[in-house]
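Note that the structure is a prediction, hence the values are computed from the model and not measured.
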Amino acid sequence: MHGMLDYPVGIVLILAPWIFGFSDVGGAATAVPIVIGVLVLVQSVMTDYELSLVDVLPLRTHLAMDVVAGIVLALSPFVFGFSDEGTNAWLPHVLVGLGLIGSGLMTQPERETGRTAAARRRTSAV
């Protein structure tokens, strides 16, 4: 499930300044979501999960990076001083940032397969 969200979120972050109409603000307001969107896409292509192209990055690392990116994104309007530019400039940063934090913390870091379920049942029966 997590992998299915990464690609659309990355694309929406890259396009956010134009989708939400704050591209004229410039500076960090536009750069932060674009950079984080690119990072989301790059790490998604490299993460060891179903929808990646190259299984290099462990899912736990990917999830930790999502949490860090979410914190940066959510705090960026206040740290970089564009929280007074209008709701359309700062609210997407905060909401998507909180979403990244939540998805990073709530995603199960290891897939349940038939083998892992059987091993779990064996160890809990002992």
Side-chain angles (χ1 to χ4, degrees):
M1 172 79 174
H2 187 96
M4 294 186 325
L5 295 174
D6 280 336
Y7 294 102
V9 167
I11 291 168
V12 167
L13 280 170
I14 291 168
L15 299 175
W18 297 275
I19 293 172
F20 298 107
F22 61 86
S23 61
D24 59 326
V25 174
T30 57
V32 170
I34 292 171
V35 169
I36 291 179
V38 169
L39 290 174
V40 166
L41 291 176
V42 168
Q43 81 173 6
S44 297
V45 169
M46 297 173 48
T47 297
D48 184 12
Y49 63 11
E50 303 85 18
L51 299 175
S52 69
L53 298 176
V54 183
D55 295 339
V56 174
L57 187 66
L59 184 56
R60 285 187 187 276
T61 304
H62 173 112
L63 297 174
M65 290 171 60
D66 279 352
V67 171
V68 171
I71 292 169
V72 170
L73 190 61
L75 294 178
S76 66
F78 312 102
V79 171
F80 296 114
F82 60 90
S83 60
D84 59 347
E85 292 291 338
T87 308
N88 66 319
W90 65 266
L91 189 60
H93 293 74
V94 173
L95 293 179
V96 177
L98 292 175
L100 283 172
I101 294 167
S103 70
L105 293 175
M106 291 189 291
T107 298
Q108 194 173 0
E110 288 155 20
R111 280 181 272 164
E112 179 94 322
T113 63
R115 184 183 309 160
T116 58
R120 186 174 41 79
R121 283 193 300 271
R122 279 192 306 270
T123 57
S124 65
V126 174

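For the atom pair CG of Leu63 and CE of Met106, the computed distance is 11.5 Å after rounding to the nearest 0.5 Å.
Val42 and Leu39 fall into different hydrophobic clusters, defined by Ile, Leu, Val, Met, Phe, Trp and Tyr side-chain heavy atoms under 4.5 Å apart, directly or through other members. Residue Ile11 is grouped with residue Met4 when hydrophobic side chains (ILVMFWY) are merged at heavy-atom distances under 4.5 angstrom, including chains of intermediate members. Taking hydrophobic clusters as Ile, Leu, Val, Met, Phe, Trp and Tyr residues chained together by side-chain heavy-atom distances below 4.5 Å, Ile14 shares a cluster with Leu51. Under the 4.5 Å side-chain heavy-atom criterion for grouping Ile, Leu, Val, Met, Phe, Trp and Tyr, Val45 is not connected to Ile34 through any hydrophobic cluster. In terms of hydrophobic clustering, with Ile, Leu, Val, Met, Phe, Trp and Tyr side chains grouped at heavy-atom distances under 4.5 Å, Val56 and Leu53 are assigned to a common cluster.
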side-chain contact (heavy atoms from CB on, under 4.5 Å) between Gln43 and Thr61, worked out | CA-CA 10 Å; Gln43 81 173 6; Thr61 304; over 6 Å; no
Evaluate the side-chain contact (heavy atoms from CB on, under 4.5 Å) criterion for residues Leu57 and Met65: first the C-alpha distance (whole Å), next the side-chain angles of each, then the deciding distance (0.1 Å), finally the verdict.
-> CA-CA 11 Å; Leu57 187 66; Met65 290 171 60; 4.2 Å; yes
Step by step, would you call Ile36 with Val96 a side-chain contact (heavy atoms from CB on, under 4.5 Å)?
-> CA-CA 11 Å; Ile36 291 179; Val96 177; over 6 Å; no
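Considering all non-hydrogen atoms of both residues, Ala29 and His93 come closest at O-NE2, 3.0 Å. Taking all atoms of both residues into account, the shortest heavy-atom contact from Pro33 to Ala28 is CD-O, 3.9 Å. Here the shortest heavy-atom pairing between Ser103 and Leu100 reads OG-O, 3.2 Å.
Judged as a side-chain contact (heavy atoms from CB on, under 4.5 Å), and not counting sequence neighbours, the contacts of Ser44 are Asp6, Tyr7, Val40, Tyr49, His62.
With contacts defined as side-chain heavy-atom distances shorter than 4.5 Å, the pair Asp48/Leu59 does not qualify.
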With a 3.5 Å cut-off and sequence neighbours excluded, list the donor-acceptor pairs that the side chains of residues 67-92 form with protein atoms.
residue: Ser76; atom: OG; partner: Leu73; partner atom: O; Å: 2.8
residue: Asn88; atom: ND2; partner: Phe20; partner atom: O; Å: 3.0
residue: Asn88; atom: ND2; partner: Gly21; partner atom: O; Å: 3.0

